[in-house]
Participant: 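One structure, pasted below without further comment.
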Amino acid sequence: QNRLFFGKTASLPGGIWGSNYNGYNASFLHFDDSDVLDTNAISTVLQGIKATLIQSIVAFKTLLVFTTSGLYSSPLLIDLPLTPQNISFLNPQTSDSSNSVPPLIFDNNVIFFDKGGRKVKNVNVYATTQHYESKIISVLAPHLVDTPYSAAVFENSSTEDGNWMFMVNNGNSIPGTLAIYQSVPE
């Protein structure tokens, strides 16, 4: 769709805005949502049981919105583009809150850090339920995760097997320690 999305302002911490359709290729990028045409800009506010403050937005298999109260997603089984009329159907997927480190796409999963900063989780679509579910992937070495404040992915190396994720910790351990997660193909 070539829309630019952003969220969370000081006055609307649960707000989401998307540019006009084909905004990157249009002669100008605008966020005018005064008309409800499918090609116009999009705006909505997430509604949740708890306060919903947006932390990050990720374009994956759908539009994923990570918040302090859980994960929201645009509908999975609808092949229609997002429009001003259907953006309000952002559905809660999990109650896993995230911290402020932007999620990463790693091995066809979305990786994020929980709000407490002690768990690394992945999110993916599960065929049996047809919705997003999360799993803790730091279960074998939870002592290595201590409130990460930055993370990066290194994939498709021509000299090393597997893919790598690096996290810089900022917690109770020595600040600035580096934790490394390697995914080796079978």
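Numbering of residues begins at 1 and proceeds along the displayed sequence.
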Participant: Which is it for Thr67 and Gln55 under the side-chain contact (heavy atoms from CB on, under 4.5 Å) test, yes or no, and what are the steps along the way?
Facilitator: CA-CA 5 Å; Thr67 73; Gln55 298 285 40; 5.6 Å; no
Participant: Are Leu178 and Trp164 connected, step by step, through hydrophobic side chains (Ile, Leu, Val, Met, Phe, Trp, Tyr) whose heavy atoms are closer than 4.5 Å?
Facilitator: yes
Participant: Would you say Phe6 and Leu53 are hydrophobically clustered, going by side-chain heavy atoms of ILVMFWY under 4.5 Å?
Facilitator: no
Participant: With sequence neighbours left out, what residues match Asp146 under salt bridge (Lys or Arg N to Asp or Glu O under 4.0 Å)?
Facilitator: Arg118
Participant: Atom OH of Tyr181 and atom CG of Asn122: how far apart are they, to the nearest 0.5 Å?
Facilitator: 7.5 Å
Participant: Let's go through Leu64 and Tyr72 carefully: what are the C-alpha distance in whole Å and the side-chain angles of both, what is the deciding distance for side-chain contact (heavy atoms from CB on, under 4.5 Å) to 0.1 Å, and is it a yes or a no?
Facilitator: CA-CA 6 Å; Leu64 296 175; Tyr72 290 77; over 6 Å; no
Participant: Below 4.5 Å, heavy atoms only, C-beta onward: do Ile16 and Leu46 meet side chain to side chain?
Facilitator: yes
Participant: Considering all heavy atoms of both residues, which atom of Asn169 and which atom of Leu144 are nearest to each other, and what is their separation?
Facilitator: ND2-O, 3.0 Å
Participant: Apply the test side-chain contact (heavy atoms from CB on, under 4.5 Å) to residues Leu82 and Leu63: give CA-CA distance (whole Å), side-chain angles for both, the deciding distance (0.1 Å), then the verdict.
Facilitator: CA-CA 9 Å; Leu82 289 176; Leu63 186 70; 3.9 Å; yes
Participant: Could you tell me which non-hydrogen atom of Gly116 sits nearest to which non-hydrogen atom of Thr147, and how far apart they are?
Facilitator: O-OG1, 4.2 Å
Participant: Taking the six-membered ring for Trp, are Phe31 and Trp17 ring centroids under 6.0 Å apart?
Facilitator: no
Participant: Does some side-chain heavy atom of Val125 sit less than 4.5 Å from a side-chain heavy atom of His131?
Facilitator: no
Participant: Show, in sequence, the C-alpha distance, side-chain angles and deciding distance for Asn20 and Asn40, and conclude whether the side chain to side chain donor-acceptor pair (under 3.5 Å) test is met.
Facilitator: CA-CA 5 Å; Asn20 57 310; Asn40 276 17; over 6 Å; no
Participant: Mind listing the closest non-hydrogen atom pair of Asn170 and Pro175 along with its distance?
Facilitator: OD1-CB, 3.8 Å
Participant: Are any non-hydrogen side-chain atoms of Asp114 and Lys121 less than 4.5 angstrom apart?
Facilitator: yes
Participant: Using the rule that Ile, Leu, Val, Met, Phe, Trp and Tyr join whenever any side-chain heavy atoms are under 4.5 Å apart, tell me whether Ile137 and Val145 fall into a single cluster.
Facilitator: yes
Participant: Measure the shortest side-chain to side-chain distance between Asn124 and Glu133 over non-hydrogen atoms and say whether it is less than 4.5 angstrom.
Facilitator: no
Participant: Can a donor-acceptor pair be found, under 3.5 Å and without considering hydrogens, that links the side chain of Arg3 to the backbone of Ser19?
Facilitator: yes
Participant: Compute whether any side-chain donor of one residue and acceptor of the other, for Ser43 and Asp33, lie under 3.5 angstrom apart.
Facilitator: yes
Participant: Quick check: do Phe5 and Val65 have side-chain heavy atoms less than 4.5 Å from each other?
Facilitator: no
Participant: Work out which heavy atom in Pro148 is nearest to a heavy atom in Asn99; give both atom names and the distance.
Facilitator: O-ND2, 3.7 Å
Participant: Identify the heavy atoms of Leu104 and Ala151 that sit nearest to each other, and give their distance.
Facilitator: CD1-CB, 3.6 Å
Participant: Is it true that the side chains of Tyr21 and Thr83 contain a donor and an acceptor less than 3.5 Å apart?
Facilitator: no
Participant: Are Val123 and Phe112 packed together at the side-chain level, in the sense that at least one heavy-atom pair is separated by less than 4.5 angstrom?
Facilitator: yes
Participant: In this structure, are over 12 heavy atoms from other groups packed under 6.0 Å from Lys61 atom NZ?
Facilitator: yes
Participant: Between Ser138 (side chain only) and Ala141 (backbone N and O only), is there a donor and an acceptor less than 3.5 Å apart?
Facilitator: no
Participant: Any luck finding a side-chain donor-acceptor pair between Ser69 and Ser97 under 3.5 Å?
Facilitator: no
Participant: In terms of hydrophobic clusters joined by side-chain contacts under 4.5 Å, are Val110 and Val101 together?
Facilitator: no
Participant: Indicate whether the side chain of Thr62 and that of Ser73 have a donor and an acceptor atom separated by less than 3.5 Å.
Facilitator: yes
Participant: Any side-chain heavy atom of Phe106 within less than 4.5 Å of one from Glu155?
Facilitator: yes
Participant: Assess the residue pair Ile54 and Phe66 against the criterion (side-chain contact (heavy atoms from CB on, under 4.5 Å)); give the C-alpha distance rounded to whole Å, side-chain angles, the decisive distance to 0.1 Å, and a yes or no.
Facilitator: CA-CA 6 Å; Ile54 294 174; Phe66 290 86; over 6 Å; no
Participant: Verify the cluster assignment for Ile136 and Phe113: are they in a single hydrophobic cluster under the rule of side-chain heavy atoms below 4.5 Å apart?
Facilitator: no
Participant: Asn108 and Phe60: which non-hydrogen atoms are nearest, and at how many Å?
Facilitator: O-CZ, 3.5 Å
Participant: Taking Asp96's backbone N and O only, do any of them form a donor-acceptor pair with Ser98's side chain (distance below 3.5 Å, no angle check)?
Facilitator: no
Participant: For a 4.5 angstrom cut-off between non-hydrogen side-chain atoms, does Ile111 reach Val120?
Facilitator: yes
Participant: For the pair Asp107 (side chain) and Asn109 (backbone), establish whether a donor and an acceptor sit closer than 3.5 Å, ignoring hydrogens and angles.
Facilitator: no
Participant: Going from CE on Met165 to CZ on Phe154, what distance comes out if it is rounded to the nearest 0.5 angstrom?
Facilitator: 15.0 Å
